[in-house]
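Beneath this line is the structure, given in structure tokens, with notes to follow.
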Amino acid sequence: MLQFRLLRFLISCSRLSTFSSKPHPLLPQISLWWQTATGRTQMAPYSTSPLLQKPLFRQLFEKESSTYTYLLADISHPEKPALLIDPVDKTVERDLSIVEDLGLKLLYAINTHVHADHVTGTGLIKTKVPHVKSIISRASNAKADLFVEPGDKIYVGDLFLEIRATPGHTVGCVTYVTGDGPNQPKPRMAFTGDALLIRGCGRTDFQGGSSGQLYKSVHSQIFSLPKDTLIYPAHDYKGFTVSTVEEEMRYNPRLTKDKETFKNIMENLNLACPKMIDIAVPANMVCGLQDLAPKAG
């Protein structure tokens, strides 16, 4: 199982290919693993705080694309490590200002999927804070520093996110879920991207989408979580900010239906293409940095 741990020093992205660790059963540790040129795995461990306090959490909004960006940090750790989920290029300055104001050390900028309605801020963040690593699912086939697969974990201090594959909106969608353990946030939090929205779900008519696959993903990977798990989607268009697994299992007008009815609903939405799709998708396949690439001539 892959587990991403707090970086104590900068290592070339090309060498960060595989990660693995086995935490001490009594004392949480942060351990850096990297792949050497010879293929041998090495570790540089050091201890963290013995107990995780309530993590710092901020829900941020970009109004043009109605996108939520989430900031999570372990403020009980002396370095206050943090990550951003689904940052938007237009609000990078705001996000980094909050990180600086709160005295956090931003480690990761991660995406739930390749977005079609805005350009990700991950690449821009990396130009401003070079030690930050970008993360996306391996199934997305997009560029990033690190790639995650189902069952992997991303650590910031003693706080960690589990990766659940939730394809259907796109082939590479994942949901990030806070860990299940005595020192993890309660109730758990699920960052569902566009797979599950509040009283809705992402469309399935482009980027390799599949209504049948989305139905299976939500029911098997999200609705299987504890009922009090908080749902934090990538977008909202009606003013909602948070839901729960139980609420969506009861009241979601699409996903409470049987599979065939759901598929019929999704196949007859007749939605226009996102206005940004021709710009956003190519940009997001390269971490949002297509405009910064050197031009020939």
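Residues: numbered from 1 along the sequence shown. Computed from a prediction, not measured in an experiment: that's the story for all the values here.
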Checklist entry - Any donor-acceptor pair under 3.5 Å linking the side chain of Thr178 with the backbone of Met189? => result yes
Checklist entry - Which pair of heavy atoms, one from Ile277 and one from Pro282, lies closest together, and at what distance? => result O-CD, 3.7 Å
Next on the checklist: Looking at every non-hydrogen atom in both residues, tell me the closest pair between Leu161 and Ile163 and how far apart they are.
Outcome noted: O-CD1, 3.8 Å
Checklist entry - Going by atom types alone, do Thr175 and Thr166 pair a side-chain donor with an acceptor below 3.5 Å? => result yes
Checklist entry - Do the non-hydrogen side-chain atoms of Leu214 and Cys201 ever get within less than 4.5 Å of each other? => result yes
Checklist entry - Can you list the steps and then say if Ile231 with Val245 is a side-chain contact (heavy atoms from CB on, under 4.5 Å)? => result CA-CA 7 Å; Ile231 300 297; Val245 165; 3.8 Å; yes
Next on the checklist: Using the rule that Ile, Leu, Val, Met, Phe, Trp and Tyr join whenever any side-chain heavy atoms are under 4.5 Å apart, tell me whether Ile98 and Leu96 fall into a single cluster.
Outcome noted: yes
Checklist entry - Counting only N and O atoms by type, is there a donor-acceptor contact under 3.5 Å from the side chain of Thr120 to the main-chain atoms of Cys287? => result no
Checklist entry - Looking at CZ of Phe223 and CE of Met249, how far apart are the two atoms once the value is rounded to the nearest 0.5 Å? => result 6.5 Å
Checklist entry - Backbone N or O of Glu247 within a donor-acceptor pair of the Thr244 side chain at under 3.5 Å? => result yes
Next on the checklist: Minimum heavy-atom separation for Ala195 and Val218, please, with both atom names.
Outcome noted: O-CG2, 3.8 Å
Item to check | Expected output: side-chain Ser217 to main-chain Gln213 donor-acceptor under 3.5 Å | outcome: yes
Next on the checklist: Quick one, Thr229 and Glu248 - any side-chain contact, counting heavy atoms below 4.5 Å?
Outcome noted: no
Checklist entry - Going through the distances and angles, do Leu225 and Arg188 end up as a side-chain contact (heavy atoms from CB on, under 4.5 Å)? => result CA-CA 9 Å; Leu225 290 164; Arg188 297 177 75 180; 4.1 Å; yes
Checklist entry - Is a side-chain donor or acceptor of Glu62 paired with a backbone partner of Glu64 at a separation under 3.5 angstrom? => result yes
Checklist entry - Does a sphere of radius 6.0 Å around NZ in Lys186 hold more than 12 heavy atoms from other residues, nucleotides or ligands, not counting ones at 6.0 Å or beyond? => result yes
Next on the checklist: For a quick test of reading the model, state the closest non-hydrogen atom pair linking Ser220 to Ser224 and the distance between them.
Outcome noted: O-OG, 2.7 Å
Item to check | Check: Gly193 main-chain N/O paired with His169 side-chain donor or acceptor under 3.5 Å | outcome: no
Next on the checklist: Can you confirm whether Ile110 sits close enough to Tyr176 that some side-chain heavy atom of one is under 4.5 Å from a side-chain heavy atom of the other?
Outcome noted: yes
Item to check | Ser97 side chain to Glu100 side chain, donor-acceptor N/O pair below 3.5 angstrom | outcome: no
Item to check | Single-linkage hydrophobic cluster, 4.5 Å side-chain cutoff, Val171 and Val174 together | outcome: no
Item to check | Polar side-chain atom of Gln184 near backbone of Phe160 as donor-acceptor pair, under 3.5 Å | outcome: yes
Checklist entry - Take atom CD in Gln59; do more than 12 heavy atoms of anything else shown fall under 6.0 Å from it? => result yes
Item to check | Interatomic distance, Arg164 atom CZ to Ser137 atom OG [nearest 0.5 angstrom] | outcome: 16.0 Å
Item to check | Side chain to side chain, Asp117 and His235, heavy atoms closer than 4.5 Å | outcome: yes
Checklist outcome for this item: dist Arg254:CZ -> Asn264:CG (nearest 0.5 Å) comes out at 12.5 Å
Item to check | Side-chain heavy atoms of Ser243 within contact of Leu230, under 4.5 Å | outcome: no
Item to check | Asn284 (side chain) donor-acceptor with His115 (main chain) under 3.5 angstrom | outcome: yes
Item to check | Test applied, side chain to side chain donor-acceptor pair (under 3.5 Å); reference residue, Asp86; option that passes from Thr67, Thr122, Thr112 | outcome: Thr112
Next on the checklist: Does Tyr251 have more than 12 heavy atoms from other residues, nucleotides or ligands lying within 6.0 Å of its OH?
Outcome noted: no
Checklist entry - In terms of hydrophobic clustering (I, L, V, M, F, W, Y; side-chain heavy atoms under 4.5 Å; direct or indirect links), are Val177 and Val148 co-clustered? => result no
Item to check | Interatomic distance, Leu124 atom CG to Asp89 atom CG [nearest 0.5 angstrom] | outcome: 7.0 Å
Checklist entry - Within a strict 4.5 Å, meaning less than it, do heavy atoms of the Pro150 and Gln221 side chains meet? => result no
Checklist entry - If two hydrophobic side chains count as joined below 4.5 Å and joins carry through other members, does Val99 share a cluster with Leu102? => result yes
Checklist entry - Just wondering, more than 12 heavy atoms not from Lys257 lying within 6.0 Å of its NZ? => result yes
Item to check | Any donor-acceptor pair under 3.5 Å from Asp228 side chain to Pro187 backbone | outcome: no
Checklist entry - Roughly how far apart are Phe206 CZ and Leu271 CG, rounded to 0.5 Å? => result 8.5 Å
Next on the checklist: Apply side-chain contact (heavy atoms from CB on, under 4.5 Å) to residues Leu104 and Ile75 and explain how you reach the verdict.
Outcome noted: CA-CA 8 Å; Leu104 307 177; Ile75 55 174; 4.1 Å; yes
Next on the checklist: Taking the basic N atoms (NZ, or NE/NH1/NH2) and the acidic carboxylate oxygens, is any pair closer than 4.0 Å for Lys128 and Glu93?
Outcome noted: yes
Next on the checklist: Within the 4.5 Å heavy-atom criterion, are Pro87 and Ile125 side-chain neighbours or not?
Outcome noted: yes
Checklist entry - Do Tyr68 and Leu196 belong together in a cluster built from hydrophobic side chains that touch within less than 4.5 Å? => result no
Item to check | Test side-chain contact (heavy atoms from CB on, under 4.5 Å) applied to Phe262 and Ser211, step by step | outcome: CA-CA 8 Å; Phe262 174 78; Ser211 57; 4.1 Å; yes
Item to check | Rounded distance (nearest 0.5 Å) linking atom SG of Cys173 with atom CG of Asp194 | outcome: 6.5 Å
Item to check | Closest contact, heavy atoms only, Thr69 versus Leu84 | outcome: CG2-CD2, 3.9 Å
Checklist entry - What about the rings of Tyr70 and Tyr232, do their centers lie closer together than 6.0 Å? => result yes
Checklist entry - Val88 versus Leu60: any side-chain heavy-atom pair under 4.5 Å? => result no
Next on the checklist: If we ignore hydrogens and angles and just use 3.5 Å, is the side chain of Asp145 paired with the main-chain N or O of Ser134 as donor and acceptor?
Outcome noted: yes
Next on the checklist: Taking Lys263 first and then Glu267, would you say they form a salt bridge - that is, a charged N and a carboxylate O separated by under 4.0 Å?
Outcome noted: no
Checklist entry - Of the non-hydrogen atoms in Leu255 and Gly200, which two are nearest, and what is the gap between them? => result CD1-O, 4.1 Å
